[in-house]
Amino acid sequence: MAADVEGLSQVLRVRREKLEALREKAIQPFAYAFDRTHTAASAVADFEEAEASERLDEAGHGGTATIGGRIVSWRDMGKSAFGHVEDAAGRIQIYFRKDVLGDESFEDLELLDLGDWVGVTGPMFRTRTGEVSVRAESWTLLTKSLRPLPLGKVETDAETGERIVHSGFADQEARYRQRYADLAVHPEVREVFRVRAQVITALRQFLDNEGFLEVETPVLQPLYGGAAAEPFVTKHNALDQTMYLRIADELYLKRLIVGGLDRVYEVSKDFRNEGLSRFHNPEFTMLEWYQAFTDYEQQMDLVERMLLHVLDTVRGGRSLTYGEHEIHFEPPFRRIGLVASLSEALGTDVHEMPDEALVAKAEELGVPDLEGAGRGKVIDKIFGELVEPQLVQPTFVIDHPKELSPLAKEHRADPRLTERFELYIGGVEIFNGFSELNDPLDQRARFEAQASLRAAGDEEAHQVDEDYIRALEYGMPPTGGVGMGVDRFLMMVTNQPSIRDVILFPVLRSED
RNA sequence: GCCUCGCUAGCUCAACUGGCAGAGCAACUGACUCUUAAUCAGUAGGUUCGGGGUUCGAGUCCCUGGCGGGGCACCA
């Protein structure tokens with residue numbers, strides 16, 4: 001045992017030694033369970049209520065509380081000590097006195113460290129400086145912490161009540177790699193993930209109320225599709241078959257519409273084997289839904305109602321601060337035609353522009369990598385440069401060129417376009433939906449066009465999915481469908497600058 | 001994949017044109033029974049991301065590798 005301790009740094013060694021000392025005193029350093037009567041927050045609330053209704057005893061004590069939590073601060077005064085204990089939702093100050101605890105229990109406090117989990121029991125009171133606290137009559141060690149947490153010192157601004165953290169834990173890499181430590185020392189990070197759960201619950205609630213059925217479709221797929229992206233490739237040993245991790249749920253969900261499950265949705269992890277960025281994690285959460293008998297117009301209305309439901313539920317308001325922007329969600333959101341708005345920006349009808357003029361315009365804007373790009377792709381690129389960044393307030397961009405959308409129905413009024421929308425918020429694409437293509441012959445033709453792109457070297461083009469076409473041949477009712485980038489939406493709701501800040505364990509290169 | 005910035009004590013950061021690697025917090029010893037960034041006195045703590053090179057001498061300059069942040073590309 002002693003040999004293990006040799007190579008450790010001083011701070012780790014000291015804690016191991018305290019662990020040994022605890023064992024020698026027959027103090028169990030890793031308890032089995034603990035019954036508490038209050039959380040930190042509920043204890044404070046109880047005391048304040050007792051105080052308000054004048055139910056304190058003559059010593060100023062409210063009821064007795066038993067709290068469990070992690071020690072996050074400590075101030076030793078000799079024969080007394082103050083510390084804060086933090087649980088999932090709050091922190092509370094504990095006051096330890098030698099004359100209350102007795103000599104032995106008080107001296108054992110020396111074996112505690114910041115980061116240890118403890119249970120404490122005692123009456124509640126308010127200190128001279130006004131903080132609601134527990135006067136410890138007994139305490140028990142729940143878990144000894146053998147590694148110091150990067151706890152910053154917390155100052156509460158006397159004027160504003162603001163919480164100021166000194167030093168702390170700032171290294172982004174370390175925070176993502178050791179999310180446990182990040183969460184342990186940053187209540188505001190825990191809050192982001194609480195909001196995340198609330199948002200996903202609210203989304204489910206909304207769709208459930210609209211009569212949708214939540215379903216689960218395969219993650220492991222023999223053919224991938226539903227988006228233009230490179231997949232992760234794996235292999236099933238017993239079947240001796242190549243499998244792909246899904247890049248989208250779309251084709252499976254529409255098979256369910258064919259089968260008569262006329263309103264379905266799935267909250268899914270999708271996987272795309274692409275670069276990483278502030279807006280891209282290789283595995284990410286997508287919400288997709290499909291609703292029979294609707295078109296993209298009705299789906300835009302649904303998206304609006306859904307967003308308002310989520311914001312009302314989670315934020316209690318229809319505005320968000322995202323970075324330097326104030327974003328207001330007041331329906332109906334602006335709707336602009338992709339080609340129409342681009343024509344306006346360029347001062348000339350895009351449909352009338354020859355291919356060469358479009359390419360020239362793209363090059364002028366510094367769009368790289370135009371090699372082999374079709375007309376639709378070039379238009380999309382120019383749009384991305386000129387219009388997209390301005391779409392801060394929620395804006396539906398609608399009616400995309402046909403070649404960009406192999407799964408969307410041709411526009412009923414213009415065969416060059418499709419009935420499709422993308423909703424941009426804060427300059428970022430969050431939703432993508434369309435009137436779903438349900439003509440199996442047209443679908444086959446579009447797949448085959450994709451297949452020839454693929455043969456020409458486009459790794460991201462669709463493969464022909466014969467089984468999906470077979471499903472469409474049985475007949476899919478008119479259907480509107482939508483996909484939502486849940487992580488990106490959460491970036492907006494929680495005002496986080498990177499997708500990694502809303503994903504608990506973002507993808508990183510392995511440490512060794 | 002490309003550009004760029006970074007990696008120094010457990011944490012947050014210093015260290016000039018190359019010249020003994022430092023501070024605050026945390027830790028340890030001591031004082032202190034209402035403190036709250038507690039305070040006061042003292043002590044210890046380092047593979048400066050790894051490898052190689054230049055130099056009398058490298059945290060610092062050069063080469064190479066690793067990991068990360070930001071940007072770009074990719075992402076219909």
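Small disclaimer: the values here were computed from a predicted structure and weren't measured. Note on naming: letters A, B, ... go to the chains in the order of the sequence lines (proteins, then strands), and numbering restarts at 1 for each one.
Considering A:Arg375, A:Lys361, A:Lys377 in turn, A:Arg375 is the only one that fulfils the salt bridge (charged side-chain N to carboxylate O under 4.0 Å, His left out) rule with A:Asp355.
For the ring-ring contact (aromatic ring centres under 6.0 Å, His included) test, residues two or more places apart in sequence or in another chain that qualify with A:Phe421 are A:Phe396. Partners of A:Glu324 by side chain to side chain contact (heavy atoms under 4.5 Å, CB included), not counting sequence neighbours: none found. A:His462 meets the ring-ring contact (aromatic ring centres under 6.0 Å, His included) test with A:Phe447; sequence neighbours excluded. Listed by chain and number, the residues in a side chain to side chain contact (heavy atoms under 4.5 Å, CB included) with A:Leu223 are A:Gln463, A:Asp465 (sequence neighbours excluded). Here A:Pro148 pairs with A:Val11, A:Leu12, A:Arg15 under the side chain to side chain contact (heavy atoms under 4.5 Å, CB included) rule; sequence neighbours left out. Every residue was checked against the ring-ring contact (aromatic ring centres under 6.0 Å, His included) condition with A:Phe489, not counting sequence neighbours, and none meets it. Taking A:Leu56 as the reference, A:Phe47, A:Ala50, A:Glu51 meet the side chain to side chain contact (heavy atoms under 4.5 Å, CB included) condition, with sequence neighbours excluded.
Within residues 93-122 of chain A, the residues having any heavy atom under 4.0 Å from RNA chain B are, by residue number, A:Gln93, A:Tyr95, A:Arg97, A:Asp99, A:Leu114. Residues from residues 401-409 of chain A with heavy atoms under 4.0 angstrom of RNA chain B, sorted by number: A:Leu404, A:Pro406.
Within the structure, every pair that satisfies the ring-ring contact (aromatic ring centres under 6.0 Å, His included) test and touches residues 68-87 of chain A, not counting sequence neighbours, is listed here: A:Trp74-A:Phe96, A:Phe82-A:Tyr95.
In this structure, CE in A:Met124 is found 7.5 Å from NE2 in A:His38, a value given to the nearest 0.5 Å.
Using a 4.0 Å heavy-atom criterion, one finds that A:Ala170 contacts the sugar-phosphate atoms exclusively.
Where pairing requires Watson-Crick or G-U contacts shorter than 3.5 Å, the helical stems of RNA chain B with at least three consecutive pairs are B:1-7 with B:66-72, B:10-13 with B:22-25, B:27-31 with B:39-43, B:49-53 with B:61-65.
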Below 3.5 Å between N/O atoms, which protein atoms pair up with nucleotides 42-45 of chain B? Just atom names and distances, please.
| residue | atom | partner | partner atom | Å |
| --- | --- | --- | --- | --- |
| B:A44 | O2' | A:Gln10 | NE2 | 2.9 |
| B:A44 | N3 | A:Gln10 | OE1 | 3.4 |
| B:A44 | N3 | A:Gln10 | NE2 | 3.4 |

